[in-house]
Amino acid sequence: MKNSISKRDWETISAYLDGQLSQREQVRFESRLYSDHQLQIALDDLRRTHQTLRDAPKLRAPRNFLLTPEIAGNPVRIPRLAPVFGWASVVASFLLVLVLVGDFYTDGGFAPVKMITSQYNEFYVQQSEIFEGDVLAQSAITEDMSVSSKSFVESEQEAMPLEMRAEVAPMDTTALEPTMELEESVVESQESELLAMKNAADAEEPTSEDLDGIMAVNGEDVSSSDSPPESAVEHSEKESGEPQETIEVMAQRSVDLTKDAETIDQADTEAVQESLTETVEIEEAPVREMVAEPDQPPVATAETAMLADEKTYQGEQQINENSNTTTVVEPMPADTLTELESIPDTVTATKNESDLVLGVEVILAMGALGTGLAWIYTRRRAG
Amino acid sequence: MDEVKLIQYAQKGDLDAFNRLVLAYQDMVYNQAYRVIGEPDAAEDATQEAFISAYRKIHTYRGGSFKAWLLRIVTNACYDELRRRKRRPTTPLEPADEFDEEIESPRWLADTAEAPEDTALRAELSEAIQNCLNELSDDFRTVVILVDIQGMDYSEAADIMGTPLGTIKSRLARARRGMRQCLQDFWELLPTAFRLENEAP
């Protein structure tokens with residue numbers, strides 16, 4: 001009998017005795033019971049056991065277990081605030097979870113830190129692109145100028161007679177090569193080269209000595225003559241029979257060109273200076289403001305780096321001005337200036353918001369922990 | 001005064017109200033303690049501990065079956081006693097009379113309305129049941145005592161023992177199987193009158 005009744009069947013029989021089977025389970029069991037004799041015997045045995053236990057003699061207490069004040073002691077009272085602590089800890093924990101979840105799913109607590117970083121990165125990248133663009137433009141312009149100057153010089157040299165070419169100091173065109181390096185040593189060498197270039201340009205205009213030399217080569221002694229010395233043009237005309245106006249015309253042309261170049265340079269320089277002045281005035285405004293308010297916290301390192309980049313950019317403009325090249329400097333776009341002025345305030349405000357949210361989170365966490373501990377303590381005291 | 005008011009007064013610190021509750025439930029509590037522990041002296045100590053603990057924790061009673069609430073306290077007190085005895089096993093002493101002879105039928109089992117033969121039989125039955133209960137493990141024994149002897153339903157037993165309902169069902173089935181096997185031999189010794197009573201559906 002024992003082998004045919006499974007462990008599960010014994011549990012079913014026991015539950016059936018106590019009326020713990022569902023309607024469907026009871027019907028199923030009774031249908032089995034009707035056909036299974038061993039199941040019936042098992043049911044009878046279990047029913048008898050159940051009844052025997054229910055009929056077991058009820059023992060009486062050997063004595064009275066009444067309590068005296070000495071034995072009972074003072075009953076522990078739960079402090080009134082214990083339920084409050086319990087609920088307060090639950091509410092504080094819930095609020096903390098809510099704030100933390102909100103940080104991840106909305107632009108809240110930690111997001112401003114990311115915003116600061118992303119804004120700085122975007123602005124820095126933007127400024128870097130502008131800076132690189134200006135430098136490239138500057139280098140392109142410089143290169144164009146050098147090429148055009150070189151071509152002009154070369155063309156003029158070709159136009160000159162061979163005798164004049166020998167007298168004219170070869171112009172050093174290496175200074176016109178565009179360079180992107182802005183180190184001081186390079187700048188100084190550039191300046192010296194540009195000065196040499198200017199001197200060379202001046203040297204194109206034939207002086208009276210040069211003319212005397214030329215005349216002397218042709219055998220003319222002009223040093224003792226009272227009459228004004230023959231111009232080189234006249235002399236060459238006499239010699240060659242061709243019109244001698246070419247040399248004078250060329251010399252005059254070179255002088256005119258030089259004067260024009262100087263005029264252009266001067267005009268450009270003035271224009272550049274004006275634009276630079278405006279740029280410096282606008283850009284120096286935030287610096288002056290920061291200096292005027294020493295109580296404010298120092299500007300972040302990222303911002304200082306941005307301003308340093310701007311100053312370097314201005315320094316390059318100054319160098320270009322000194323080099324007497326016709327570099328076209330475009331003033332800083334207005335929107336970039338606006339960004340430059342507004343970014344420090346935005347970053348500071350965002351940083352303050354993140355500090356505030358972080359403080360709230362810390363307070364909520366401490367509150368939840370404190371109230372939870374207080375609740376546990378009061379419950380333990382209550383026993 | 002009804003039980004609810006007694007409990008309320010006891011919760012306010014009225015010791016007399018609580019003692020009235022003690023008088024009403026001390027037999028039930030002692031019965032539980034004795035069936036679980038298996039020894040009268042230890043059961044007596046556990047009963048005293050249970051009532052002291054109940055008075056100190058009366059404020060934790062939130063309504064429902066006061067009997068189930070008390071049974072939970074006394075069951076925990078019994079488990080503490082069992083653990084204490086396992087750490088320091090003692091030789092149980094049989095109750096002795098003034099002549100130092102063992103008392104087979106302790107006074108506290110005596111029922112003046114019952115015939116001596118019946119009293120003896122009931123004593124034997126009680127001893128047989130207790131012997132079979134002692135062969136079960138602590139958890140199985142407690143379940144069968146709560147459901148079959150104390151009359152608790154499955155959910156109350158689960159709440160008292162702090163175990164799931166399914167665990168109560170399986171443990172009860174196994175405990176009843178063990179008791180059935182153990183009591184089969186005893187049934188044969190029972191008088192016919194008892195056998196017929198037990199065989200009633």
Side-chain angles (χ1 to χ4, degrees), chain A residues 1-2 5-22 25 40-80 82-83 378-383, chain B residues 10-11 13 15 18-19 22-23 26-31 34-35 40 43-44 47-48 50-53 55-60 106-109 111 122-123 125-126 129-130 133 144-145 147-149 151 153-154 169-170 172-174 176-177 179-180 183-184 186-187 194 197-201:
Chain A
M1 183 174 76
K2 294 178 187 176
I5 307 298
S6 66
K7 183 179 173 183
R8 188 178 179 87
D9 286 338
W10 282 112
E11 290 183 11
T12 306
I13 294 170
S14 176
Y16 178 74
L17 278 176
D18 297 323
Q20 293 292 328
L21 292 179
S22 64
E25 290 172 336
Q40 292 176 9
I41 294 172
L43 176 61
D44 291 338
D45 285 345
L46 217 59
R47 186 181 284 125
R48 188 190 303 177
T49 303
H50 172 69
Q51 195 64 41
T52 302
L53 291 171
R54 287 192 77 89
D55 293 337
K58 299 292 188 285
L59 304 176
R60 289 184 182 176
R63 63 176 178 85
N64 289 329
F65 293 92
L66 299 176
L67 302 181
T68 61
E70 295 75 20
I71 296 173
N74 293 326
V76 179
R77 295 278 177 253
I78 296 179
R80 290 184 183 179
T378 53
R379 296 294 295 181
R380 281 197 170 181
R381 275 196 61 194
Chain B
Q11 286 178 330
L15 188 58
F18 184 79
N19 280 331
V22 170
L23 290 175
Q26 63 183 1
D27 289 340
M28 183 273 294
V29 171
Y30 177 78
N31 208 41
Y34 178 77
R35 293 301 182 192
E44 194 173 330
T47 302
Q48 184 72 76
F51 280 121
I52 293 172
S53 178
Y55 177 69
R56 291 177 178 175
K57 295 179 183 178
I58 191 70
H59 54 275
T60 65
R107 275 181 296 171
W108 35 269
L109 281 179
D111 186 356
R122 292 181 73 80
L125 179 62
S126 178
I129 290 172
Q130 190 58 47
L133 287 172
V144 76
I145 291 170
V147 177
D148 287 336
I149 296 179
D153 59 25
Y154 284 22
K169 286 182 181 178
S170 63
L172 182 62
R174 288 181 62 179
R176 282 172 174 173
R177 279 179 67 190
M179 293 298 291
R180 166 185 158 273
L183 289 173
Q184 278 207 345
F186 178 77
W187 279 329
F194 282 102
E197 288 177 6
N198 290 333
E199 288 176 0

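Atom set for the values below is all heavy atoms of this structure, side chains included, hydrogens, waters and symmetry mates excluded. Below, chain A is the first sequence line, B the second, and so on; all start at residue 1.
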(request) Would you mind checking if B/Glu44 and A/Arg63 are paired as a salt bridge, meaning a charged N to carboxylate O distance below 4.0 Å? (result)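 Between B/Glu44 and A/Arg63 there is a salt bridge, with a charged N closer than 4.0 Å to a carboxylate O.
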Should [X] and [Y] count as side-chain neighbours, where that means a heavy-atom distance under 4.5 Å?
{"X": "A/Arg48", "Y": "B/Leu183", "value": "no"}
{"X": "A/Leu53", "Y": "B/Val147", "value": "no"}
{"X": "B/Gln48", "Y": "A/Leu67", "value": "yes"}
{"X": "A/Asp18", "Y": "B/Lys169", "value": "no"}

What's the shortest heavy-atom distance between [X] and [Y], and which atoms?
{"X": "B/Arg177", "Y": "A/Leu46", "result": "N-CD1, 4.1 Å"}
{"X": "A/Ser14", "Y": "B/Tyr154", "result": "O-OH, 3.7 Å"}
{"X": "A/Thr49", "Y": "B/Arg176", "result": "CG2-O, 3.8 Å"}
{"X": "A/Phe65", "Y": "B/Val22", "result": "O-CG1, 3.4 Å"}
{"X": "B/Asp27", "Y": "A/Ala61", "result": "OD1-N, 2.8 Å"}
{"X": "A/Ile71", "Y": "B/Arg56", "result": "O-NH2, 3.8 Å"}

For the atom pair [atom1] ([X]) and [atom2] ([Y]), what is the distance rounded to the nearest 0.5 Å?
{"X": "B/Asn19", "Y": "A/Asn64", "atom1": "CG", "atom2": "CG", "value": "9.5 Å"}
{"X": "B/Leu172", "Y": "A/Glu11", "atom1": "CG", "atom2": "CD", "value": "10.0 Å"}
{"X": "B/Asp148", "Y": "A/Gln51", "atom1": "CG", "atom2": "CD", "value": "9.5 Å"}
{"X": "A/Lys58", "Y": "B/Ser126", "atom1": "NZ", "atom2": "OG", "value": "10.0 Å"}

(request) Could you tell me which portion of A/Thr68 (side chain, backbone, both or neither) has an atom closer than 4.5 angstrom to a non-hydrogen atom of chain B? (result)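 Contact with chain B involves the backbone of A/Thr68 alone.
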(request) Show your working on side-chain contact (heavy atoms from CB on, under 4.5 Å) between A/His50 and B/Met179 and close with a plain yes or no. (result) CA-CA 9 Å; A/His50 172 69; B/Met179 293 298 291; over 6 Å; no
(request) Select one option (side chain, backbone, both, neither) describing which atoms of B/Ile129 are under 4.5 Å from chain A's heavy atoms. (result) side chain
(message) What part of B/Leu15 gets within 4.5 angstrom of chain A, counting heavy atoms only: side chain, backbone, both, or neither?
(response) side chain
(request) Report the option among B/Val144, B/Leu23, B/Leu133, B/Ile145 that has the most heavy-atom pairs separated by less than 4.5 Å from atoms of chain A. (result) B/Leu23
